[in-house]
Each structure stands twice: as C-alpha cells, then as structure tokens.
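Since the structure comes first, as structure tokens, the remarks are kept for the end.
Predicted model only: the values in this text are computed from it and were never measured. Naming: A, B, ... by sequence-line order, numbering from 1 per chain.
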Amino acid sequence: MSRLLTYREAVRTALREEMVRDEGVFVYGLDVADHKGAFGTTLGLAGEFGSGRCFMTPLSEDAMTGFGLGAAINGLRPVHVHQRVDFLVLALNQLANMLSTCRYVSNEQLRVPITIRAVIGRGWGQACQHSKSLHSIFAHLPGIAVVMPATPADARGLMKAAIRADDPVIVLDHRWLHDVSGEVPETESVVPLGRAEIRRPGNDFTIIAPSWMNIEALLAADILARVHGLDTEVIDPRTITPLDADLLSESVNRTGHCLVADCDWLFCGFSAEVAALVANRCFDRLRAPIERLGFAPIPCPSSRILENRFYPGAEEIIRSIERTLKLEPAELPVREFYSYESRFRGPF
Amino acid sequence: MAAPGQQSESLTDRETARELFRRVHLIRAVEEKIRKVYPEDEMKTPVHLSVGAEAIEAGVCRALQAPDQVYGTYRTHGLYLATGGNLTRFFAELLGHSTGVFGGRAGSMHLASPATGFMMSSAIVASILPVALGAAFAASRLQTGAVAVVFFGDGATEEGVFWETLNMAALHSLPLLFVCEDNGLAIHVPREIRQAYSIPEAARLFGIETVSAAGIDVMQVHELASRLLSDLRRRCRPGFLHLTYHRHLEHVGINEDYGADYRRPDEQAEWPANDPVDIARQRCLETGLGEDELRRIVERTGEEIEAALSAAGTGGPGSPDEAEGLTS
C-alpha cells in the first residue's frame, strides 16, 4: 500500500510520525512555526504538538546548534531546521568541534541523536549565498552522517532514520524536489542510512548522482536510450556518508564506465571521493576514465543566463557521456530541460 | 558562651569549612603533583592548570545537587575533582591509558566525568555555553529539577555565542547558571585591549540575576552560589555568577610566567593574598578547626594522590585496535 505525496508532504509526514512515536523529538528553527512552515515541511506541527515541541528561535545558528547538542545528550531528539544550508555555515564550529567529536572523545559515554535539516536553494536568482550544497564539507567530518534524499519515499524514510539514529545526521533537501510527487509507502518504511539505490538499471554506463542531479541523470538516461540506444544505469547514493561503496563499485564493475554528476563544486568534493573509490575498486574493469560534473568553479551568479552555465544538467550529462564513448553529439530537444523548475515560483 | 543554636550553626560552618578546604586543597595538590611529574614527559597532553581558580570550582560545585550538571572549558582538572571524579582514572586519562575516564581519547583538554555530573568540556572558547543551554532546556522539558552550570572565562564573553546563549536563556527562562571565571587574561592578552563593556552589566542587560564578587574565598563562593542556585530553582530562570581570580601560572603548561611582558610588574606580589588555599585554611582556623586536623587532611590527600597516580601508571596505552572499531 502506498499513497502519492509530494516531497514536502513526505518530509512533514516523517516529522509528524516521529513526533507521535517519540515524545523526545522536537523541531526548532527560524521559520518552523510560521504561516509558511519552512516551505510547507513543518506546517501544522506547532498546532498539533504545541510550542514546546515545535518552536521558532532567535537567528543564533551557532548557539542553537550547541543547544541541540546539549538537549540531545540529555534524552531529547532535536530536529534543527535551516531554510538554506548556507546559514548552517554559521554553526560550523559546533559541527566540526562539538557535535562530530562528542561520541568519540567521550569514549562512547555520550551519544548525540540530533538531526539537522537544511534546504539547498537554486534558481530564480538565489546567487552566491542561497544556493550552495556543501555536503562535501559536512561529509568530510568523521562523526556526522550526511543524507540527500531525492524522492518523496526517501525524504520520509531517510528522515525517520535520521531522527532515530543515535548520532548527528545532516539531511539536505533540494528545494526543487519539494514539488516532486511520488509513491510513499503506508508502512513504517525507514530507509537505513548507508544504502544507495539503483533508480534505473542498465549495463552500458553508470551515472552516480545525488539529490537534484539524480532527476537530471534520469532524464539524460531516457534521452540517451532514445537517441543512442544506450542502456544507462542511474544510481542515487542517497547517503553521502556512510557511503554505499559496494553498490557503487558493483555497478561500475558491470558497466565499465562511470560519470559522477554532483550538485556541488568538484575540487575536493563528493565527486572526487566517488572517483577515488571507483578507481580503487574497479581499476581493471574501467574502459574509460571516470568523468565528473558539478558546479562551475565560481560562486553562483544571480542572472539566469549565467546561472544556466553554472549548474550542469541533463544536457551536460549527455554530452559528457557522448564524449567518453566517442559518440556523435545528438540533436537534443530543448523543452525537456529544467522541467521541474517550471513549477517553482519566486521569490525564495 | 554560645547558645545551643549558635553552637550547632558553628559546627555546620566548621563541617562546611573542612569539606571546602579538603576540596580546594585536593585540586591544588593534584595540580602541584602534575607540575612535578610533567617534565618526565609521560603526560603528553597540554595542561591548563587550575591554580588560583580552586575556590570557584570547589565552591560552586559543592552547592550543586544530584541531578545538576556541570559544563566546562579546557581548564578541566578542578571541575573534574570538584564534582568527585575518580582520581585514578583522571591520571590514567592524562597518561593516555585506556583505563582513563575517556579511554585516553580526551586527554586534559576534553576531560569530563559524566558519571559525576561533569558532562562535557571544550577547548574552543565559549563553545560549551550553548551546550549547557540545551541541557537546561532538556531539564526544563523533562522536569528533572536539574540546573545546568556552565563555567567559562572572561575571554569567552567576547565570542558571539556568549551573547546568543544569554539571550536564549533569558528568553526561555531556562535553569542555567553562568559562572564566569574572570582572571582578566585571554591567553596573553589583558582585558584592557579586549573588552569595551562590563561583564556583569552585560548579563544584567538581559534581565538575568547577576552577582559579581572576588572568587578567591571558597566559603564565600559557596554561599553566593548556594543563594543564586536556590533562587534559580525556585523561580526557574537563569543566573549569572561573575567571579574574579588570580591566574597564578602560564596559560598552558606548568610554569609561572610573571616575568612575561603581558603581566603587570606587581602581579607576583599579589598572589599570596589571592591564594584560595591559604584563604580556605585561614577560614577553617577561624571556625575553630585545629592545625592538626588540617594537617591530617593534607596528609590523607597526599596519600590518595600517590596511590591514584601509581595505580594509573599501570593502565597501558590506549589501544589502536579499539580506535578502529569506531570508524563505522
């Protein structure tokens, strides 16, 4: 049994279900109890559970992150919400020095069951401070799990896993995914951390793409099948750390080809980590160099024309694979691109 | 001749004085022991010793009750001992042994003793403040009756998170006791070139009940802390204790550094009058405790320290295999 939910409804469902299940769960952040409810993902929670379990805070991202740590080591399960991941950087000290170290340094005497949810922006002129992803920065820190759900079912299932985990988990939601609809199971369906998923099976080429880039990769794979008869496998890593190294390398060992399409900068990024993993585990089976796609190496510009060149999408994925396989570039239907963005309205 | 009531009161005073002396002396004697053995280079961990701060640590912690929690800075030794942490596991931690309280993973700077209520410490100035705030929130939400007490230096008030924490504690009326251990120094930088404000006035700005005093007489600190804590518990709101003290040693390490150019020329001469152990001894004698009794406390503490250090020495180094088990 399942029901059709949007991603935003799936996030809200997960939060609500976990708040019902465990009284220690509480949701806090700048806009979680206002009329918009953090893009609709927290709407109704304050009304149902009261201001003690869903409340808005001063801007103080730094203090409110340490606050979550203090609550978490004392029997509560905080969920801290940020409307943009860019704001979470204000709390990097707490993440890098406090939350991520607490369990190890205390020799397991303290555990930190906190979930930090942050939204990744993009498009409509968000520019350089409302558009980053930063998963590589967080994933670099041992002691923190990083999750990037790409479907409504995973948005619910991974959020539930994050809240139930006894260690810090950062959940990054791409704003463009909020309007995506999908089947969400009626059953508990907690999605375990550390398991990737094959979204589209194939034997000719492996694309590894998290979050929004997975949508672009699926679109690219459909077009590649049509125009080149290529059977592309699309993998959603789902959790950046812990990473499902087995599923990723099994796929590339089968196809002999790998493109990592990330929604982040390339240098020292997640794509580099995956490339290193694949080079190490699939060296003998690779039939071409591993390719990587990601943000242009500049801060995100505001203008649409520049922005479209900053972000790679399905078209860039197709061109990259054509180059790798030495295929003639196909003529591409422009209207198929940026399909989900057309649902988005400004200003935020 | 004293009336019966006065008699029992002075007995209580004497008991309190004895116990407080025992604690400030324990902290001092442990720090002096570390100063003695540190040059052997077996304790490979940066130490920020509590010499001078003993009255604040012992006085405040003695005023706490069972579910209360303590959060502190990298100056961990005094809080660890004042909350009754195990002495053998303390030395074992400094020696990097797997028998240390945190298995040799924390060393001196991240030491704590959750089992005795000293939950966490941090070597990043001010970063522990909001953690104690969250603990106070949990205590309030779960109605445990606990107060969270956070110790921090005057330098911490220059960090943004200090103001963020004050604001949130006041806004939500959380049972959080701020204890500012003010020695006027941030590493080697005196207050005059760091602060354009008064610390107690800053706390009062947020409507927080604030007491400012010298923090060198453990009896007085204990009394001030007890009074503020009882107000906190009764009215369920934050409090702020601003206590000044004299940092006798260098910022990190075992040596005096009175000759360094950041210290005032007359500072060394001020130490004896600011020595919390001497003051506590004096207060004990005033309550009628005899020199003999104090000598016995000193001797017994010395034996405890020797026994603990010797037991800690046999712990063996922290195992690398154990560390690998945590990479999942």
Q: Specify the closest pair of heavy atoms between A:A63 and B:T165, including all atoms of both residues, with the distance to one decimal.
A: CB-OG1, 4.1 Å

Q.
Which atoms of B:L171 are under 4.5 Å from chain A, going by heavy atoms: the side chain, the backbone, both sets, or neither?
A. side chain

Q: Under 4.5 Å, counting heavy-atom pairs only, tell me which of B:A115, B:P114, B:A126, B:A148 racks up the most with chain A.
A: B:P114

Q.
Taking the ring centre of each residue, are B:F137 and A:Y28 less than 6.0 Å apart?
A. no

(Q) Is it the case that the side chain of A:Q94 and the backbone of B:S127 share a donor-acceptor pair, with hydrogens and angles ignored and the cut-off at 3.5 Å? (A) yes

Q.
With a 4.5 angstrom heavy-atom cut-off, is it the side chain or the backbone of B:A132 that approaches chain A, or both, or neither?
A. neither

**Q.** Nearest heavy atoms of A:E61 and B:E164, plus distance in Å
**A.** N-OE1, 4.3 Å

Q.
Between B:F162 and chain A, with a heavy-atom cut-off of 4.5 Å, which part of the residue counts as in contact: side chain, backbone, both or neither?
A. neither

Q) With a 4.5 angstrom heavy-atom cut-off, which part of A:D62 approaches chain B: side chain, backbone, both or neither? A) both

Q: Determine, step by step, whether B:M120 and A:C102 satisfy the side-chain contact (heavy atoms from CB on, under 4.5 Å) criterion, reporting the C-alpha distance in whole Å, the side-chain angles of both residues, the deciding distance to 0.1 Å, and the verdict.
A: CA-CA 8 Å; B:M120 246 182 109; A:C102 189; 3.9 Å; yes

Q. ring-ring contact (aromatic ring centres under 6.0 Å, His included) between B:F102 and A:Y104: does it pass, once the steps are laid out?
A. CA-CA 9 Å; B:F102 284 159; A:Y104 182 81; over 10 Å; no

Q. Measuring from B:R105:CZ to A:E108:CD, what's the distance to the nearest 0.5 Å?
A. 6.0 Å

Q. For the candidates B:I124, B:I128, B:N167, B:L129, which exhibits the highest count of non-hydrogen atom pairs separated by less than 4.5 Å from chain A?
A. B:I124

Q. In terms of heavy-atom proximity below 4.5 Å to chain A, should B:L133 be classed as side chain, backbone, both, or neither?
A. both

Q) So, do A:N74 and B:T144 sit near enough that their side-chain heavy atoms are less than 4.5 Å apart? A) no

Q: Applying side-chain contact (heavy atoms from CB on, under 4.5 Å), run through A:F67 and B:V131 and close with a yes or a no.
A: CA-CA 5 Å; A:F67 167 93; B:V131 182; over 6 Å; no

Q. What do the steps show when you test A:R53 against B:R141 for side-chain contact (heavy atoms from CB on, under 4.5 Å), and what is the final call?
A. CA-CA 9 Å; A:R53 293 187 62 196; B:R141 251 291 304 281; 3.8 Å; yes

